[in-house]
Amino acid sequence: MPSLSDAPPRYSQRFVFIGLIGVVMFALSISFLYVIENARKKQVEQALATVASKVQLVALAHDQWLEESRNLLATVAVALEQLPDLERDCMGLLANLAEATRGVDTLLLARANGDLVCAPQPLPRHINLSDRQYFKRALATGDYVVGEYIIGRVSGEPVLPVAQPLRGSAGSIQYLVIVGRQLAWVESTLARQRYSAATTLMLVDSKGGVLARAPALAEAPEQALLQHIMERRQGVLEAPDSSGQPRYFGFTTLGDQVSDAYVVVGVPAEEVLEPVRGFVIGNLLLFAVAAGLIFAVLWFGLGYWVLRPLRRLLATMEAVRRGDLTRRVGVAAGTVEMVRIAQSFDDMLAELQQADARLRRQSDIDGLLGIANRRAFDETLAQEWARAVRDFSVTSLLMIDVDYFKNYNDSYGHQAGDRCLKQIADAIAAAVKRPGDLVARYGGEEFGVLLPQTDAAGADEVARAIQSEVAQRAIPHAASNVSDQITVSIGISTVTPTPGLRQEALVRAADRALYRAKQDGRNRCVHDAGDGVQR
């Protein structure tokens with residue numbers, strides 16, 4: 001009759017499983033596409049944030065220049081006050097400071113009436129700045145002023161003026177120190193930030209006019225876009241450039257101190273979205289590969305993860321039915337349910353095996369004395385004898401008999417006799433120290449002590465220790481002919497087993513020695529001389 005484990009699996013379950021796989025894969029696809037779309041939006045947001053950060057970096061650089069200009073003006077003011085003749089000696093001072101200061105294109109000194117007094121180079125003509133708005137505000141406020149981008153009367157180029165009043169000893173404003181920055185900084189900023197060649201950087205005034213651009217040939221944005229920039233003042237938007245190609249424009253006012261000019265960074269949409277496109281395509285390919293792998297794993301894994309554990313479970317059940325409690329399912333891989341079933345079954349078998357072992361141990365223990373019985377003695381002797389033959393190691397055996405125990409039972413009663421035997425068993429167990437030695441009840445009042453790997457001297461030492469332990473118990477025995485206390489006689493045999501020599505030889509030799517101990521007066525230990533050892 002074929003066993004259950006030989007029953008053929010129902011492979012049609014695989015095709016049922018295909019339908020389940022299809023449903024799962026469809027749900028996974030929808031979830032994956034949703035995740036990809038959200039990730040794509042975040043990638044776009046991150047890319048646009050990068051464009052916005054480029055604009056903010058330009059504005060921040062401009063604010064830093066204004067702060068440096070303010071510090072420069074304070075330094076110039078202090079230095080001018082130290083000159084013996086300010087208007088006569090100022091040109092050299094301004095020339096040195098302008099050369100030593102980064103980002104300064106113009107450095108001027110003007111009287112309070114607007115007349116230019118001094119510049120790093122000789123002035124070509126008489127120039128008056130009293131009509132400039134920044135000049136008027138500096139006189140009116142008496143403080144540091146940032147102007148608007150204008151065409152400089154000294155350089156003839158678009159320039160951003162910054163002015164600081166300089167007071168005389170009476171406290172009135174006598175001069176204005178002016179620092180100017182030309183729009184060439186736009187192009188240098190683009191180069192320094194290492195933007196791509198297709199990126200444009202522009203400076204736009206409050207009327208939508210392009211003050212500066214980098215690269216120089218960059219096309220200006222459409223007027224509608226510029227109007228939108230001035231309305232929103234800061235942000236990122238998508239619009240076509242002059243060639244019709246989509247482009248993302250990031251824009252903001254030019255720092256905290258210049259609110260009437262805007263910096264605009266234009267980045268091609270292709271450049272912004274290229275990482276996003278690569279991200280989407282890469283993840284779609286990854287999903288396709290993962291989906292194929294999942295399908296393959298589910299298809300071929302059904303046999304390994306479900307059918308294989310079932311077969312192992314059925315085979316184990318058959319082995320247990322035949323009485324083999326050592327078998328285990330041992331399924332470490334499979335579905336959660338299969339693993340739990342296998343583990344539960346294995347746990348049940350382990351408990352059954354432990355219970356069986358306890359029953360076996362109990363069957364090997366003498367119920368009265370709590371030591372090994374004759375059955376356990378015979379089994380252990382056979383095992384140790386086989387090991388001694390293999391290892392060619394010496395083995396000793398003690399056969400112990402309680403002297404005049406029949407008289408003890410007759411005098412004190414059988415219950416007292418049982419208690420006496422229990423005390424003697426405890427004394428023998430206390431004297432035998434090694435875990436590998438065996439103390440057993442051989443029969444009636446006779447005990448056997450098996451001593452593997454123990455020579456004659458060691459066996460004699462154990463025998464003396466047993467007699468000493470028995471003597472310490474001081475069990476009264478008025479009916480004994482050798483002592484008023486319980487004593488024992490011990491026969492000792494020591495043999496080195498060889499192939500062909502039977503284990504009974506060791507027992508017979510110990511019995512002979514025990515017989516001589518009794519014949520010689522009891523309460524003594526006698527070694528077998530080895531006479532009559534039979535093969």
Side-chain angles (χ1 to χ4, degrees), residues 326 356-357 360-366 369-403 421 424-470 488-520 522-535:
T326 63
D356 183 70
R360 289 179 180 273
R361 284 194 299 271
Q362 290 174 3
S363 67
D364 290 341
I365 299 298
D366 184 271
L369 305 184
I371 59 176
N373 58 20
R374 174 65 179 271
R375 176 176 175 275
F377 176 85
D378 291 339
E379 290 180 353
T380 305
L381 176 59
Q383 295 170 1
E384 293 298 336
W385 187 265
R387 182 182 295 111
V389 170
R390 183 179 63 249
D391 298 339
F392 198 66
S393 59
V394 64
T395 300
S396 294
L397 174 64
L398 309 183
M399 295 298 289
I400 306 169
D401 187 73
V402 181
D403 295 329
L421 290 177
I424 293 172
D426 292 342
I428 296 172
V432 178
K433 305 295 186 181
R434 298 187 311 176
D437 298 337
L438 176 70
V439 177
R441 186 178 187 180
Y442 195 77
E445 68 273 16
E446 196 170 3
F447 299 86
V449 178
L450 182 61
L451 303 172
Q453 298 181 342
T454 304
D455 57 13
D460 184 72
E461 182 179 347
V462 174
R464 302 298 178 187
I466 291 173
Q467 285 192 317
S468 175
E469 286 287 344
V470 172
V488 293
S489 298
I490 302 176
I492 307 170
S493 63
T494 300
V495 175
T496 300
T498 58
L501 183 64
R502 294 178 301 185
Q503 64 196 44
E504 290 81 0
L506 183 67
V507 178
R508 283 195 295 269
D511 277 337
R512 286 195 301 272
L514 177 61
Y515 179 78
R516 285 199 295 271
K518 291 180 178 181
Q519 290 295 108
D520 292 345
R522 292 184 171 84
N523 191 23
R524 66 191 63 232
C525 302
V526 174
H527 282 268
D528 178 65
D531 301 340
V533 172
Q534 297 183 8
R535 296 184 180 273

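FYI, the numbering just counts along the sequence from 1. The model shown is predicted, which means the values in this text are computed figures rather than measured ones.
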**OP:** Calculate, to the nearest 0.5 Å, the distance between atoms SG and CD1 belonging to Cys525 and Ile466 respectively.
**Re:** 8.0 Å

Original post:
Which atom names give the shortest non-hydrogen contact between Asn523 and Gln467, and what distance separates them?
Top reply: C-NE2, 3.5 Å

**OP:** Please check if the side chain of Arg387 supplies one atom and the backbone of Arg390 the other of a donor-acceptor pair under 3.5 Å.
**Re:** no

**OP:** Could you tell me the separation between the CD atom of Gln383 and the CG atom of Asp378, rounded to the nearest 0.5 Å?
**Re:** 11.0 Å

Subject >> More than 12 heavy atoms from other groups under 6.0 Å of CD on Gln453 >> reply: no

Subject >> Sidechain N-carboxylate O distance under 4.0 Å for Lys518, Asp403 >> reply: no

Subject >> Non-hydrogen atoms of Ala440 and Phe377 that approach each other most closely >> reply: CB-CB, 3.8 Å

Original post:
Is the CD atom of Glu461 crowded by more than 12 outside heavy atoms at less than 6.0 Å?
Top reply: no

Subject >> Asp401 side chain to Ser489 side chain, donor-acceptor N/O pair below 3.5 angstrom >> reply: no

**OP:** Evaluate the side-chain proximity of Leu514 to Val526: yes if any heavy-atom separation is below 4.5 Å, no if none is.
**Re:** no

Original post:
Got a sec, which residues hit salt bridge (charged side-chain N to carboxylate O under 4.0 Å, His left out) with Asp511, two or more places apart in sequence or on another chain?
Top reply: none

Subject >> Check: Ser393 side chain, Asp391 main-chain N or O, donor-acceptor pair, under 3.5 Å >> reply: no

Original post:
Stepwise, does the side chain to side chain contact (heavy atoms under 4.5 Å, CB included) test hold for Val394 with Val495?
Top reply: CA-CA 6 Å; Val394 64; Val495 175; over 6 Å; no

Original post:
Between the side chain of Arg524 and the main-chain N/O of Arg522, is any donor-acceptor distance below 3.5 Å?
Top reply: yes

**OP:** Looking only at non-hydrogen atoms, find the nearest pair between Phe447 and Ala425 and report the distance.
**Re:** CE2-CB, 4.0 Å

**OP:** Might you work through the side chain to side chain contact (heavy atoms under 4.5 Å, CB included) test for Thr498 and Val389, ending with a clear yes or no?
**Re:** CA-CA 5 Å; Thr498 58; Val389 170; over 6 Å; no

Original post:
Within a strict 4.5 Å, meaning less than it, do heavy atoms of the Leu438 and Val449 side chains meet?
Top reply: no

Original post:
For Tyr442, is the NZ or CZ atom of Arg374 found under 6.0 angstrom from the centre of its six-membered ring and inside 45 degrees of the ring axis?
Top reply: yes

Original post:
Got a second to check how far Asp460's CG is from His527's NE2, nearest 0.5 Å?
Top reply: 3.5 Å

Original post:
If every non-hydrogen atom of Val439 is compared with every non-hydrogen atom of Ile371, which pair is closest and at what distance?
Top reply: O-CB, 3.8 Å

Subject >> Flag for Ser493-Arg508: side-chain donor and acceptor within less than 3.5 Å >> reply: no

**OP:** Given side chain to side chain contact (heavy atoms under 4.5 Å, CB included), test Arg434 with Thr454 step by step and report yes or no.
**Re:** CA-CA 11 Å; Arg434 298 187 311 176; Thr454 304; 2.6 Å; yes

Subject >> Residue pair Ala456 / Ser396: nearest heavy atoms and the distance that separates them >> reply: N-OG, 4.4 Å

**OP:** Apply side-chain contact (heavy atoms from CB on, under 4.5 Å) to Ala427 and list each qualifying residue two or more places apart in sequence or on a separate chain.
**Re:** Glu469, Val470, Arg473

Original post:
Does any N or O in the side chain of Asn373 come within less than 3.5 Å of the main-chain N or O of Arg375, such that one atom is a donor and the other an acceptor?
Top reply: yes

Original post:
Do the side chain of Trp385 and the main chain of Thr395 share a donor and acceptor less than 3.5 angstrom apart?
Top reply: no

Subject >> Sidechain-backbone polar pair: Ser468 side chain, Arg464 backbone, donor-acceptor under 3.5 Å >> reply: no

Original post:
Yes or no on side chain to side chain contact (heavy atoms under 4.5 Å, CB included) for Leu450 and Asp437, after CA distance, side-chain angles and deciding distance?
Top reply: CA-CA 6 Å; Leu450 182 61; Asp437 298 337; over 6 Å; no

Original post:
Which pair of non-hydrogen atoms, one from Ile490 and one from Ile400, has the smallest distance, and what is that distance?
Top reply: CG1-CG1, 4.0 Å

Original post:
Which value, rounded to the nearest 0.5 Å, describes the distance between Leu397 atom CG and Leu381 atom CG?
Top reply: 7.0 Å

